[in-house]
Novice: 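Dropping a structure here in structure tokens format, bear with me for questions.
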Amino acid sequence: WRESVFPGGCAHACELETSMLMYLSPESVRMDRIKNELSKTNELGSKYTWTDLFAAGPMGLVEWTSQYSDTGVIGEAEKATAEKGKMCLEEAGRNLATFIAEYQARPIRPRTPHQAQAPTIPLNFPTD
């Protein structure tokens, strides 16, 4: 479904997020304001610091949004469609349902205390 560049075409108010909103709440989308903008950080071409909703470089830097985006958009929102939003939402729902079933079936292993001395403050969860 993805047509935007990688990395950076899907990051914020991008192809994915705009597509999902177009599907879920089309009346909320200001079509005249949809605009592409790639992150200035990604445009540096670093193999260490880059970002995308589907992956990120091995190093993370915290920057003010205004340092890497003039509009707040980070990605290629102009490639968004409601059809893509529907497809992504349905796939996310399937993945979430599968994960919930997997998580519910996970065994709860017993805890093993490794402290030399037991904690002296009350804990709000079972310790045995």
Side-chain angles (χ1 to χ4, degrees):
W1 64 269
R2 183 176 178 162
E3 297 177 78
S4 59
V5 297
F6 180 85
C10 285
H12 179 63
C14 58
E15 179 183 17
L16 173 62
E17 292 179 348
T18 303
S19 291
M20 301 232 355
L21 193 59
M22 285 175 155
Y23 174 65
L24 292 169
S25 183
E27 69 280 0
S28 300
V29 179
R30 295 180 287 183
M31 299 297 287
D32 60 320
R33 307 261 326 250
I34 294 175
K35 179 181 176 183
N36 291 345
E37 183 180 354
L38 298 179
S39 167
K40 290 176 177 69
T41 303
N42 282 22
E43 289 177 344
L44 295 173
S46 171
K47 67 179 183 178
Y48 301 104
T49 58
W50 54 271
T51 189
D52 192 275
L53 285 177
F54 296 92
M59 302 296 291
L61 297 177
V62 177
E63 301 174 274
W64 293 102
T65 304
S66 62
Q67 292 177 296
Y68 54 82
S69 174
D70 295 328
T71 63
V73 172
I74 309 165
E76 294 186 285
E78 293 173 21
K79 294 183 176 174
T81 68
E83 293 76 24
K84 290 177 186 178
K86 180 178 190 287
M87 183 185 321
C88 292
L89 183 68
E90 289 173 350
E91 180 65 17
R94 282 189 294 273
N95 283 326
L96 180 59
T98 302
F99 169 73
I100 289 170
E102 176 186 298
Y103 185 76
Q104 183 181 24
R106 283 179 78 150
I108 300 174
R109 295 182 204 79
R111 295 180 59 157
T112 304
H114 293 285
Q115 300 91 346
Q117 185 175 349
T120 58
I121 59 172
L123 302 174
N124 63 352
F125 52 85
T127 58
D128 50 6

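Note that the coordinates shown come from a computational prediction; the quantities given were computed from them, not determined experimentally. Note: hydrogens, waters and symmetry copies are ignored here, and every other heavy atom, side chains too, is used.
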Novice: So, the side chain of Glu15 versus the backbone of Glu78: is there a donor-acceptor pair under 3.5 Å, distance only?
Specialist: no
Novice: Hydrogens and angles aside, do Gln67 and Thr65 bring a side-chain donor and acceptor to less than 3.5 Å of each other?
Specialist: no
Novice: Do Thr51 and Asn42 touch side chain to side chain, with heavy atoms closer than 4.5 Å?
Specialist: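 Thr51 vs Asn42: side chains touch.
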Novice: Around atom NZ of Lys40, are there more than 12 heavy atoms of other residues, nucleotides or ligands at under 6.0 Å?
Specialist: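 Buried by this count: over 12 neighbours within 6.0 Å.
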Novice: Mind checking the NZ-CG spacing from Lys47 to Leu44? Nearest 0.5 Å is all I need.
Specialist: 15.0 Å
Novice: Can Thr41 and Glu43 be said to form a side chain to side chain donor-acceptor pair (under 3.5 Å), step by step?
Specialist: CA-CA 5 Å; Thr41 303; Glu43 289 177 344; over 6 Å; no
Novice: What pair of heavy atoms forms the shortest contact from Ala13 to Val73, and how long is it?
Specialist: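 Distance-wise, the nearest heavy atoms are O-CG1, 3.6 Å.
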Novice: Using 0.5 Å steps for rounding, measure from the CG atom of Asp70 to the CD atom of Glu37.
Specialist: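 CD of Glu37 is found 5.0 Å from CG of Asp70.
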Novice: Return the SG to CZ distance between Cys88 and Arg2, rounded to the nearest 0.5 Å.
Specialist: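 If I round to the nearest 0.5 Å, the distance is 10.0 Å.
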Novice: Tell me if the CZ atom of Arg94 is crowded by more than 12 foreign heavy atoms within 6.0 Å.
Specialist: yes
Novice: Using only atom types and a distance under 3.5 Å, with no angle test, would you say the side chain of Asn36 pairs donor to acceptor with the backbone of Ala77?
Specialist: yes
Novice: Is it the case that over 12 heavy atoms from other parts of the model lie below 6.0 angstrom from the CD atom of Gln117?
Specialist: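 Not buried by this count: 12 neighbours or fewer within 6.0 Å.
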Novice: Would you say Ser25's side chain and Glu27's backbone share a donor-acceptor pair under 3.5 angstrom?
Specialist: no
Novice: Take Glu102 and Arg106 through the test salt bridge (Lys or Arg N to Asp or Glu O under 4.0 Å) and record every step on the way to the result.
Specialist: CA-CA 6 Å; Glu102 176 186 298; Arg106 283 179 78 150; 5.6 Å; no
Novice: Yes or no on salt bridge (Lys or Arg N to Asp or Glu O under 4.0 Å) for Glu76 and Lys79, after CA distance, side-chain angles and deciding distance?
Specialist: CA-CA 6 Å; Glu76 294 186 285; Lys79 294 183 176 174; 3.4 Å; yes
Novice: Counting distance only, does the side-chain N/O of Asp52 pair as donor-acceptor with the main-chain N or O of Pro7 below 3.5 Å?
Specialist: no
Novice: How long is the straight-line distance from CD1 of Ile34 back to SG of Cys14, given to the nearest 0.5 Å?
Specialist: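 If I round to the nearest 0.5 Å, the distance is 11.5 Å.
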Novice: Just verifying a value: how many Å separate Cys10 SG and Trp1 CH2, rounded to the nearest 0.5 Å?
Specialist: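 Here the rounded value is 4.0 Å.
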Novice: In this structure, would Leu53 and Tyr23 fall into the same cluster of hydrophobic residues linked by side-chain contacts under 4.5 Å?
Specialist: yes
Novice: Does Trp50 share a hydrophobic cluster with Val5, counting links as ILVMFWY side-chain heavy atoms below 4.5 Å and allowing steps through other members?
Specialist: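 Each belongs to a different hydrophobic cluster.
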Novice: Nearest 0.5 angstrom please: Met22 CE to Glu83 CD, how far?
Specialist: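 Met22 atom CE to Glu83 atom CD measures 9.0 Å (nearest 0.5 Å).
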Novice: Are Leu89 and Val29 grouped together when hydrophobic residues (ILVMFWY) are joined by side-chain heavy atoms under 4.5 angstrom apart?
Specialist: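 Different clusters.
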Novice: For the backbone of Thr81 and the side chain of Ser19, can you confirm whether one donor and one acceptor N or O come within less than 3.5 Å of each other?
Specialist: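 Yes, the answer is positive, given that a donor and an acceptor are paired below the 3.5 Å cut-off.
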